[in-house]
Protein chains: 2
Amino acid sequence: MVEATLALIDGKWKGVILSHLLEGTLRFSELRRRMPGVTQRMLTNQLRELEADGLIDRTIHAQVPPRVDYSLTERGHSLREVLDALRLWGEIHIGLFAQPKAAA
Amino acid sequence: MVEATLALIDGKWKGVILSHLLEGTLRFSELRRRMPGVTQRMLTNQLRELEADGLIDRTIHAQVPPRVDYSLTERGHSLREVLDALRLWGEIHIGLFAQPKAAA
DNA sequence: CTGTATCCCTAGGGATACTG
DNA sequence: CAGTATCCCTAGGGATACAG
């Protein structure tokens, strides 16, 4: 079951996308700006996969210029604890205050 | 930071390996038996990466036939909460009692 | 602005055979 | 038993250009 959950949030950018969407709804361009390094193709790609997995909603506003909003579904929000656990661990064990790997 | 943590447990078999080692020390062949589908190459490979990341210890017993034990380091044990969070989420949202994705 | 469509390239994995 | 050593193959990603 661990693997199954990992499968949903694996993908180079999914963790980051989800983290940003935890803060609230964002449009495509806003996500891009928050994620330097991601290409349009990849961002679209990962968003589509997250959508297919029922973790995010995609709302298209019929406007010119176009506007598309992305937000977490209930299922997506339920991942908050998981994401928090991952982030917290990272901050403690990889971040600034990380202990040296081992005193061997 | 989420990505950094994910990087450590990503890899097709790492999550499973860590889960098994949470139960206690296991030797190579025991891990293999608990993981049908993994090849020697992959198991060795993933174990080496986990070792390099300081998550597991590898203890060689000079015997004939050879015996190698794998166990979690302190750092590895500290991942328990993360792994639990992942497993729990999976059981609830993907397992038997999972809700349908959405009533659309 | 929000995407597709191509092309390309590498790392991750699998199958299989061999070894100390 | 516990690994290497090869070979091969695909999916995941990146760059770039084009489109509604």
Side-chain angles (χ1 to χ4, degrees), chain A residues 2-21 24-53 55-73 86, chain B residues 2-21 24-53 55-73 86:
Chain A
V2 171
E3 329 96 75
T5 307
L6 277 175
L8 294 184
I9 56 185
D10 117 75
K12 192 166 182 182
W13 306 98
K14 291 188 185 173
V16 204
I17 293 174
L18 291 173
S19 298
H20 284 303
L21 290 183
T25 300
L26 291 173
R27 49 192 300 187
F28 190 81
S29 54
E30 291 173 324
L31 277 170
R32 271 192 87 184
R33 239 174 291 127
R34 281 173 170 71
M35 300 168 58
V38 73
T39 61
Q40 288 161 325
R41 185 176 112 70
M42 266 302 112
L43 183 52
T44 303
N45 184 300
Q46 305 275 293
L47 285 169
R48 289 295 134 80
E49 291 189 15
L50 290 170
E51 191 190 1
D53 287 328
L55 297 177
I56 66 174
D57 275 330
R58 179 161 172 268
T59 311
I60 307 171
H61 300 274
Q63 308 179 349
V64 177
R67 172 198 181 117
V68 180
D69 285 339
Y70 290 94
S71 58
L72 293 183
T73 59
L86 288 166
Chain B
V2 171
E3 331 95 75
T5 308
L6 277 175
L8 294 183
I9 56 185
D10 117 76
K12 193 165 181 181
W13 306 98
K14 291 187 184 173
V16 202
I17 293 175
L18 291 173
S19 299
H20 285 303
L21 290 182
T25 299
L26 289 172
R27 50 193 299 188
F28 190 81
S29 53
E30 292 173 324
L31 276 170
R32 270 192 86 184
R33 239 174 292 128
R34 281 172 169 74
M35 303 169 57
V38 73
T39 62
Q40 290 162 324
R41 186 175 112 71
M42 266 303 112
L43 183 52
T44 303
N45 185 299
Q46 304 276 293
L47 285 169
R48 289 294 136 81
E49 291 190 15
L50 290 171
E51 191 190 0
D53 288 328
L55 296 177
I56 65 175
D57 274 331
R58 178 162 173 267
T59 310
I60 307 171
H61 300 274
Q63 308 179 350
V64 177
R67 171 196 181 118
V68 180
D69 286 339
Y70 290 95
S71 59
L72 294 183
T73 59
L86 288 167

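In what follows, chains carry the letters A, B, and so on, assigned in the order in which the sequence lines appear, proteins first and then strands, with residues in each chain numbered from 1.
Of the listed nucleotides (dT4(D), dG3(C), dG14(D)), dG14(D) has the atom at the smallest distance from the side chain of W13(A). In this structure, of dG20(D), dA2(D), dG3(C), it is dA2(D) that holds the atom nearest to the side chain of R27(B). Closest to the side chain of R48(B), from the set dG14(C), dC1(D), dG3(D), is dG3(D).
Here the closest non-hydrogen pair linking R27(B) and E30(B) is N-OE1, 2.7 Å. Contact detail for W13(B) and Q46(B): the closest heavy-atom pair is N-OE1, 3.3 Å.
In this structure, the separation between CG on L47(A) and NZ on K14(A) is 10.0 Å, given to the nearest 0.5 Å. Going from atom OG1 of T44(A) over to atom CD of E51(A) covers 11.0 Å, rounded to the nearest 0.5 Å. Atoms CG and CZ, on L26(B) and R34(B) in that order, are 4.5 Å from each other to the nearest 0.5 Å. With rounding to the nearest 0.5 Å, the separation of CG in L86(B) from CD1 in I9(A) is 5.5 Å.
Residue Q63(A) contributes atom CD, which lies 10 Å from atom P of dT2(C) at whole-angstrom precision. Atom C1' of nucleotide dC1(C) and atom CG of L31(A) are separated by 13 Å, given to the nearest angstrom. Residue F28(A) contributes atom CZ, which lies 7 Å from atom P of dT2(C) at whole-angstrom precision. Here dA15(C) presents its P atom at 12 Å from CZ of R32(B), a figure rounded to the nearest Å. Rounding to whole angstrom units, CD1 of residue I60(B) and P of dG3(D) are separated by 7 Å. Put simply, CG on L26(B) is 15 Å from C1' on dA2(D), counting in whole angstrom units. Per the geometry, CD belonging to E49(B) stands 13 Å off P belonging to dA11(C), to the nearest Å. Note: CZ (R58(B)) to P (dC1(D)) measures 16 Å, nearest angstrom.
Phosphate proximity of dC1(C) to Y70(A): absent, as no side-chain N or O sits under 4.0 Å from OP1 or OP2.
Put simply, the side chain of D10(B) does not reach to within 4.5 Å of the side chain of L6(A), judged on heavy atoms.
At a non-hydrogen distance threshold of 4.0 Å, Q40(B), R41(B), T44(B) from residues 33-47 of chain B come into contact with DNA chain D.
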